[in-house]
Number of protein chains: 2
Amino acid sequence: MYERKIPEDLDCGINITMKVLSGKWKPCIIDSIHKGVRRPVEIHAAIPAAAPRVINMQLRELEEFGIVTKKVFPDSVPLKVEYYLTPIGESVMPVIRAIERWGDENKEYVITTSATMESAGK
Amino acid sequence: MYERKIPEDLDCGINITMKVLSGKWKPCIIDSIHKGVRRPVEIHAAIPAAAPRVINMQLRELEEFGIVTKKVFPDSVPLKVEYYLTPIGESVMPVIRAIERWGDENKEYVITTSATMESAGK
DNA sequence: GCGCATGGGGAATAAATTTTCCCTGTGGGA
DNA sequence: TCCCACAGGGAAAATTTATTCCCCATGCGC
């Protein structure tokens, strides 16, 4: 990870969750794994917009936080790796679901609003 | 706002919500307003860790997205301004609550885990 | 040997976001 | 007059985060 220079305030729960979930692709990664997408290549395929390197790094961070665990099959060739959600990882799913649901329900609105914003003042 | 150079994918609901909520202090700001903290000075006081300038900018972005509305009392001196959640703003509250709840429930865990991460490899 | 797929990392660069510094303007009070 | 509280913005610097480019290793098939 990076070395923080600005201290973070972990007072309110919002910031705690954000510390774990912040990362452009982390919620998507968690959601994918929850859906049963376990192998790195599959995760990359599921989120093509993200560079593989970024997904690797965010997976590592999620692993450090105990959100996911990594299972390596040392004898299989080509090398096989699988990621699973830990119980803590499972416990964030309601949060991800809430985020996803709101987004799905307000997709139209957000897209048209942000389009309007761009054509107006920027 | 800033001019994006990397296109965003607004396919999945997660990214939609994140577009609206991303911003270091936005969830806190929304939560504060929901709790009845309406005037800019009060919001600043409620989130002392954030620079006032940042809060102003994020408020403006939230306003552009229709999450909050601004009510100005032109005749009062000193100038009085109040922010309110719009119906859409109210509709994100369940998301904020879910984020807040998970953070509160896992505060200890996250804090000790991130402390361990720092003392180990960084 | 060569190229493939698998899983991954270092270093540099680019982009996005936040923070700091200082400025605008109003009207009240000392 | 000078300074206060209020609300807010421009510009630059700093910080944080993402992305790109190229590298490593294994064992298979040709």
Side-chain angles (χ1 to χ4, degrees), chain A residues 1-9 15 18-29 33 37-64 68-83 114 121-122, chain B residues 1-9 15 18-29 33 37-45 47-64 68-83 114 118 121-122:
Chain A
M1 284 226 280
Y2 313 88
E3 190 185 351
R4 298 209 134 264
K5 295 191 178 169
I6 294 180
E8 40 192 357
D9 62 329
N15 293 336
M18 284 312 175
K19 182 177 175 60
V20 176
L21 251 43
S22 78
K24 190 161 172 180
W25 309 101
K26 287 209 190 101
C28 290
I29 292 171
I33 295 176
V37 182
R38 315 217 162 284
R39 305 189 60 184
V41 238
E42 292 167 359
I43 300 175
H44 297 160
I47 313 174
R53 182 80 168 82
V54 181
I55 296 185
N56 290 342
M57 292 194 316
Q58 306 214 340
L59 273 171
R60 188 150 26 89
E61 288 175 17
L62 289 171
E63 199 190 352
E64 288 177 332
V68 303
T69 34
K70 182 173 163 182
K71 180 166 188 183
V72 182
F73 299 78
D75 298 324
S76 70
V77 164
L79 191 54
K80 189 173 168 187
V81 171
E82 286 183 351
Y83 286 96
S114 68
K122 186 185 68 186
Chain B
M1 285 234 272
Y2 314 88
E3 190 185 350
R4 297 208 135 266
K5 295 190 178 170
I6 293 181
E8 40 191 357
D9 61 329
N15 293 335
M18 283 313 175
K19 182 176 176 62
V20 176
L21 252 43
S22 78
K24 191 162 173 180
W25 309 102
K26 287 209 190 103
C28 291
I29 292 171
I33 295 176
V37 183
R38 316 216 161 284
R39 304 192 57 188
V41 238
E42 292 168 358
I43 299 175
H44 298 160
I47 314 174
R53 182 80 168 83
V54 182
I55 298 185
N56 290 341
M57 292 194 317
Q58 306 215 338
L59 273 171
R60 189 151 24 88
E61 288 175 16
L62 289 171
E63 199 190 351
E64 288 176 331
V68 303
T69 34
K70 182 171 161 182
K71 180 167 187 181
V72 183
F73 298 79
D75 299 325
S76 69
V77 166
L79 191 54
K80 189 173 167 185
V81 171
E82 286 183 350
Y83 286 96
S114 68
E118 275 175 36
K122 186 187 66 185

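Convention: sequence-line order gives letters A, B, ...; per-chain numbering from 1. The basis for the numbers below is simple: all heavy atoms, side chains too, and nothing from hydrogens, waters or symmetry mates.
D:dG9 atom P lies 10 Å from atom CD of B:Glu64, rounded to whole Å. Distance, A:Ile43 CD1 to C:dT6 P: 13 Å, rounded to whole Å. Spacing between atom NZ of A:Lys19 and atom C1' of D:dT17 amounts to 14 Å, rounded to whole angstrom units. Put simply, CE on A:Met18 is 14 Å from P on C:dT17, counting in whole angstrom units. For the pair A:Ile55 CD1 and D:dT19 C1', the computed distance is 12 Å after rounding to whole Å. Distance CD (A:Glu63) to P (C:dG8): 9 Å, rounded to an integer number of Å. As rounded to whole Å, 11 Å separates atom P of C:dT6 from atom CG of A:Leu79. What separates CG of A:Asn56 from P of C:dG9 is a distance of 7 Å, to the nearest Å.
At the phosphate of C:dA16, neither OP1 nor OP2 sits under 4.0 Å from any side-chain N or O atom of B:Lys24. Of the side-chain N and O atoms in B:Gln58, none sit less than 4.0 angstrom from OP1 or OP2 of C:dT17.
Comparing A:Ala51 and A:Pro78 by the nucleotide of DNA chain D that holds the closest heavy atom to each, the one mapping nearer the 5' end is A:Ala51.
With D:dT19, C:dT19, D:dC6 as the candidates, the nucleotide lying closest to the side chain of A:Met57 is D:dT19. Closest approach to the A:Pro40 side chain among C:dG7, C:dA16, D:dA7 is made by C:dG7 (side chain taken as heavy atoms from C-beta onward). Out of D:dG9, C:dA16, C:dT19, the shortest distance to the side chain of B:Arg60 is found at D:dG9. For A:Arg53, the listed nucleotide lying nearest its side chain is C:dA11; candidates were D:dA5, C:dA11, C:dT20.
Rounding to the nearest 0.5 Å gives a distance of 4.5 Å between NE2 of B:His44 and CG of B:Asn56.
Among the protein residues, B:Val54 comes within range of the nucleic acid bases, having at least one heavy atom under 4.0 Å from a base atom. Residue-level contact check: A:Tyr83 touches the backbone only, with heavy atoms under 4.0 Å from sugar-phosphate atoms and none from bases.
For the pair B:Val68/B:Ile29, no side-chain contact is recorded, criterion being any heavy-atom separation below 4.5 Å from C-beta on. Counting heavy atoms from C-beta outward, B:Cys28 and A:Asn15 have side chains that approach closer than 4.5 Å. A 4.5 Å side-chain heavy-atom check between A:Val81 and A:Lys71 finds every atom pair outside the cut-off.
Taking the ring centre of A:Phe73 as origin, the terminal cationic atom of A:Lys80 falls inside the region bounded by 6.0 Å and 45° from the ring axis.
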